[in-house]
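Worksheet for the structure shown next.
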Amino acid sequence: MIKITRGTKDILEDEIPTWQWILDSAKNVFTKSNYVEIKTPIFEATELFQRGVGDSTDIVNKEMYTFCVGGADKTATSITLRPENTAGVVRAYIEHNLNRQSPPQKFWYFGPMFRYERPQAGRQRQFHQVGVEVFGCYEPIADAEVISCAVNFLKTLGLDDLTLELNSLGCKNCKNDYRESLKKALKPYLDDLCDDCKMRYEKNPLRILDCKNEDCQKIFMKPDIKDVIYNDYICDDCKSHFSELLGYLDELNIKYKINKLLVRGLDYYTRTVFEIKSESLGAQSALCGGGRYDGLVEMLGGAPTGAIGFAMGVERLYNLVKKIEKEKLDYFIVSNDPKHALVLANKLRLEGKSAEIDYQNRKFIKQLEKASKCAHRAIILGEDEIKGNFYSVKDLNSGVQEKIEDFRDLI
Ligand code: HAM
């Protein structure tokens with residue numbers, strides 16, 4: 001027997017109503033803030049992620065599903081299953097000149113993402129994200145609105161016992177200063193850092209702060225390193241951007257925690273980065289991750305464009321929300337006359353009612369058993385009913401049965 005691939009999951013009947021509810025809620029909340037849906041392909045040119053997400057990140061270095069298509073000759077193209085969707089949305093934004101509409105341009109999306117990570121609770125190789133991206137905005141009010149949109153969505157799902165963590169990584173100028181100061185401070189400890197951090201030291205030193213290795217974390221607590229991390233290295237413009245954002249969040253009554261070690265695992269971020277976490281998720285506690293990426297549109301060939309967004313893991317949301325039961329059908333038709341049953345079910349369905357029939361002509365008792373599991377009412381269509389041109393309708397909750405003569409009374 002061929003089994004499901006490690007790190008992937010079937011989403012079966014019992015789970016679908018809750019998934020559907022999560023997606024309907026996303027659409028509802030995002031549409032109210034004027035977001036429009038965007039659907040981009042699940043695979044893109046590998047280069048998009050190498051340049052967009054950054055080739056020093058774990059995602060690009062270790063986790064991409066990349067393959068060549070078009071033969072082994074020189075015309076072969078390297079494509080990658082998207083590990084995230086910001087790069088794809090930015091590509092679409094540039095390719096379709098979506099900046100023609102007056103800013104901000106606001107998009108939301110839902111879909112599968114693929115990362116070759118070590119599977120564990122809350123971490124899959126194919127998972128789903130729901131997210132938003134806003135373009136054409138440098139103002140901190142956009143950061144606040146995007147964060148409030150994430151918070152509102154989570155509230156709609158009944159989730160409010162969550163922690164919002166925030167940081168500012170600075171702009172392209174001060175971010176570099178910070179990188180250099182951090183490298184200088186970490187240099188004496190280089191030999192004590194884990195192998196991953198040694199590699200990050202050259203390519204992406206800020207990512208070192210995200211390391212979960214206990215020995216590395218002890219190093220971050222050393223006074224000389226802490227000094228660099230907690231020293232407000234960001235420039236005055238970035239400082240006032242961040243403090244305006246905090247002001248808006250206070251106005252919106254959104255609680256936050258500033259976490260100077262929050263650097264995020266993708267290279268494109270500038271200024272604001274944030275995560276929303278839940279203790280109940282265990283080791284994989286991040287439910288939502290996002291931030292500003294003011295340089296990405298330009299880096300991928302578009303005009304300089306301020307932008308910000310977030311994405312949430314839908315499997316992680318699913319694990320936290322209360323589960324929705326499958327809706328029962330309006331009718332189950334209990335009959336030993338398949339033609340009449342099929343025709344009646346079809347008429348009901350065309351009138352917008354949900355209805356099911358029995359394919360196997362089983363005994364009425366068996367059909368009624370099935371009916372009471374999946375429908376609110378049973379329409380009994382026996383010989384008497386067919387001959388007499390009426391329907392016996394049984395309410396499967398109360399057990400009350402009534403005679404209905406006019407089809408219109410069923411709809
Ligand atoms: P990310 O932090 O890599 O950000 O992913 C966002 C969320 O996707 C995570 O917080 C988590 O809930 C979920 N997630 C990530 N990896 C997995 C996995 N292997 N299994 C299950 N869930 C997972 C991004 O992807 C950015 N594109 C977010 C963004 C949008 N930034 C700006 N705009």
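Atoms within each ligand, like the ligands themselves, are counted from 1 in listed order.
With hydrogens and angles ignored, the 3.5 Å screen pairs no side-chain donor or acceptor of S33 with any backbone N or O of F30. Within the 3.5 Å criterion, the main-chain N or O of L169 finds no donor-acceptor partner in the side chain of R271. When atom types are taken as modelled, the side chain of N204 and the backbone of S56 share no donor-acceptor pair closer than 3.5 angstrom. Judged by distance alone, the side chain of N61 and the main-chain N or O of D55 form a donor-acceptor pair under 3.5 Å.
Annotation: ligand 1 has protein neighbours E84, T86, Y109, R115, E117, G122, R123, Q124, F127, Q129, E133, R264, L266, Y268, Y269, A286, L287, C288, G289, G290, G291, Y293, G309, F310, A311, G313, R316, each with a heavy atom less than 4.0 angstrom from the ligand.
Remark: K62 pairs with D58, D196 by the salt bridge (charged side-chain N to carboxylate O under 4.0 Å, His left out) rule, at least two apart or across chains.
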Inset, instruction - Would you sort out whether F407 and Y391 count as a side chain to side chain contact (heavy atoms under 4.5 Å, CB included), showing the intermediate values? - result: CA-CA 8 Å; F407 173 78; Y391 312 96; 3.8 Å; yes
